Amino acid sequence: MPADAALLAALREVQEPELRRSIVELGMVKGAALEGGVALVALALPLAPPDGGEGLRRQVAETLLRIEGVQRVEVDVRPMTDAELDSVGGVLKGVDPLRVVDASGAGGPPQPRRNPFTDSRTRVLAISSGKGGVGKSSITTNLAVALAQRGHEVAALDADVWGFSMPRMLGVDRSPGLIGDVIVPPAAHGVRLISMGFFAREDQAVVWRGPMLHKALEQFLTDVHWAEPDFLLVDMPPGTGDISLSMAQFLPGAEVVVVTTPQPAAQKVAQRAAAMARKVNLSVVGVIENMSWFRGDDGKAYEIFGSGGGEELAADLGVPLLGQVPLVPALREGGDEGEPIVVAHPDDEAAAAFRSIAEQLDVSLAPRRRHHPELRIT
Ligand SMILES: Nc1ncnc2c1ncn2[C@@H]1O[C@H](COP(=O)(O)OP(=O)(O)OP(=O)(O)O)[C@@H](O)[C@H]1O
Ligand SMILES: [Mg+2]
């Protein structure tokens, strides 16, 4: 099928929904012709979309119907061949096929993978704590969804390689896509996720040593097509060990949010996490207190784990207390079922707390994109 220049130009605007790149640029348009008012388009799909390609078909039709002379659109879709996938993988990695071949015609040295988060506009937020079980994963999940609900492109990295829990909490039920050797993160509730949970069995003990962790993290950052999100939230493993060092190296611009519970003992441990972050030159931008109270049927807030820990820690670190999240059974249930509370119970006070934290992270702590704060329109 010949390619009609006007059709191709219009199709350039259509993006592959998961890869967020133009379908023309990705080489997905295998033909586009106009015959007697009918636009015939042949597409090859790099990923098996959950809707069977229906959304893309519709988008192509809507785009082409805007062109004068097009009365009807017929879209034919087929999966890509392995060779086509390899070439898409090359496009995603930014490898120029003409450049890897040297003058003698032999293959040149492979181009090094680029860390997509150095010099990127993505804000990286690492959610950490000194000890386990304080709610890092629940907070990362709900905060990510809350940021997506505010209209941002959001991705999450479950860096808790031992106790990965984000796939379940976020309700991701698909494996990552594979295009050539590029990993495409599956998404749920508007958040793209990569987790060790996709690559290891849940009942399998993974024994990680420092260098392996480092390598895994590097791979998660460089072999994954992240498509430059506005935010990348990282669910850190508990503790202050090796992964903080690796993180600092791979994501030097990461901002750390420390999670603590209200009792003073927890706060001491959280302080160590903050100290570690600062030691590796990551900036701590705020504190979130979790399990702050439980509201009984009588409407009263019971401070089961004491009070003041979050505020004290924030004051010690000289950063804002971004919010207090109450203890609510629906939050745990949402985590178990893959329906985060900000989605399942948006009216709950815990959901409101997450939205407020997302807003603060979004507005008051967004120095990177605002080059001229004095020009802010109010
Ligand atoms: N505010 C809350 N209300 C009710 N349950 C909560 C709340 N925060 C966390 N939980 C529950 O507590 C448990 C531990 O939370 P979570 O897994 O988020 O913590 P974590 O800090 O990531 O733990 P780990 O260190 O093991 O990774 C989970 O079952 C979660 O559902
Ligand atoms: Mg966790």
Side-chain angles (χ1 to χ4, degrees), residues 125-146 156-172 191 193-198 200 202 205-206 208 213 233-244 247 256-263 265-267 269-270 272-274 276 287-296 301-307 309-310 313 321-358:
L125 298 172
I127 314 297
S128 60
S129 74
K131 65 168 187 163
V134 299
K136 285 176 305 296
S137 304
S138 308
I139 286 173
T140 308
T141 301
N142 279 285
L143 215 47
V145 177
L157 171 64
D158 183 357
D160 190 346
V161 289
W162 296 280
F164 47 84
S165 48
M166 282 198 73
R168 178 190 309 222
M169 284 189 179
L170 194 59
V172 174
V191 176
L193 175 71
I194 282 295
S195 167
M196 198 59 215
F198 296 141
E202 202 156 354
V206 187
W208 293 98
L213 263 182
L233 270 65
V234 186
D235 181 9
M236 298 288 284
T240 52
D242 294 329
I243 217 133
S244 304
M247 277 280 300
V256 176
V257 174
V258 182
V259 180
T260 189
T261 44
Q263 68 270 45
Q267 181 226 333
V269 186
R272 283 208 286 274
M276 178 66 190
V287 169
I288 297 174
E289 188 185 87
N290 189 25
M291 310 188 184
S292 300
W293 64 81
F294 174 79
R295 197 172 295 283
Y302 294 91
E303 293 172 329
I304 296 173
F305 295 125
S307 67
L313 178 64
L321 174 63
L322 297 167
Q324 293 173 293
V325 181
L327 196 61
V328 282
L331 197 154
R332 186 193 50 75
E333 287 157 20
D336 291 344
E337 286 155 18
E339 283 286 310
I341 194 163
V342 290
V343 174
H345 301 281
D347 297 334
D348 191 280
E349 61 178 333
F354 286 123
R355 282 195 301 272
S356 152
I357 296 167

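Keep in mind it's a predicted model, so treat the numbers as computed, not measured. As the structure lists them, so they are numbered: ligands from 1, and atoms in each ligand from 1.
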Polar contact flag for G133 and ligand 1 (N/O pairs, less than 3.5 Å): yes
Trace of the side chain to side chain contact (heavy atoms under 4.5 Å, CB included) decision for I304 with M291: CA-CA 8 Å; I304 296 173; M291 310 188 184; over 6 Å; no
Under 4.0 Å to a heavy atom of M169 - the qualifying atoms of ligand 1, by number: 17 (O), 18 (O)
pair P167-L193: side-chain heavy atoms closer than 4.5 Å: yes
Non-hydrogen side-chain atoms of P329 and F294 separated by less than 4.5 Å: yes
Atom 20 (P) of ligand 1: the protein heavy-atom neighbour that sits closest, reported with distance to 0.1 Å: K136 N, 3.4 Å
Atoms in ligand 1 with a heavy atom of P326 nearer than 4.0 Å: 1 (N), 2 (C), 3 (N)
Heavy-atom protein neighbour under 4.0 angstrom from atom 13 (C) of ligand 1: no
Atom 5 (N) of ligand 1 [closest protein heavy-atom partner, distance rounded to 0.1 Å]: R332 CB, 3.8 Å
Main-chain N/O of D235 paired with D160 side-chain donor or acceptor, under 3.5 Å: no
N or O pair under 3.5 Å between V328 and ligand 1: yes
The Mg ion (ligand 2) contact by M166, N, O or S atom under 2.8 Å: no
Heavy-atom side-chain contact between Q324 and P262 under 4.5 Å: no
Heavy-atom nearest neighbour in the protein, as seen from atom 19 (O) of ligand 1, with distance rounded to 0.1 Å: G135 N, 2.9 Å
Passing option when L143 is tested against I288, L322, V257, V325 for side-chain contact (heavy atoms from CB on, under 4.5 Å): I288
Main-chain N/O of V342 paired to N142 side chain as donor or acceptor, under 3.5 Å: yes
Atom indices of ligand 1, in the order listed, that fall short of 4.0 Å to a heavy atom of D160: 27 (O)
Min heavy-atom dist S129 to ligand 1 below 4.0 Å: no
Test item: protein heavy atom less than 4.0 Å from atom 28 (C) of ligand 1: no
Atoms of ligand 1 close to G132 [distance to a heavy atom under 4.0 angstrom, numbered from 1]: 25 (O)
Contact check: S165 vs ligand 1, nitrogen or oxygen atoms, below 3.5 angstrom: no
Nearest-neighbour protein heavy atom for atom 30 (C) of ligand 1, which is reported as residue plus atom name and distance: S138 OG, 3.6 Å
Closest protein heavy atom to atom 6 (C) of ligand 1, given as residue, atom name and distance to 0.1 Å: L331 CD2, 4.0 Å
Ligand 1 contact by G335, heavy-atom criterion under 4.0 angstrom: no
Part of N290 with heavy atoms under 4.0 Å of ligand 1, whether side chain, backbone, both or neither: side chain
Side-chain touch V134/N290, heavy atoms, less than 4.5 angstrom: no
Euclidean distance, M169 CE relative to I139 CD1, rounded to 0.5 Å: 10.0 Å
CG on L125 to CE on M236, rounded to 0.5 Å: 12.0 Å
Matching residue for L170 among T141, D158, V343 - test: side-chain contact (heavy atoms from CB on, under 4.5 Å): T141
Geometric N/O contact M291 with ligand 1, under 3.5 angstrom: no
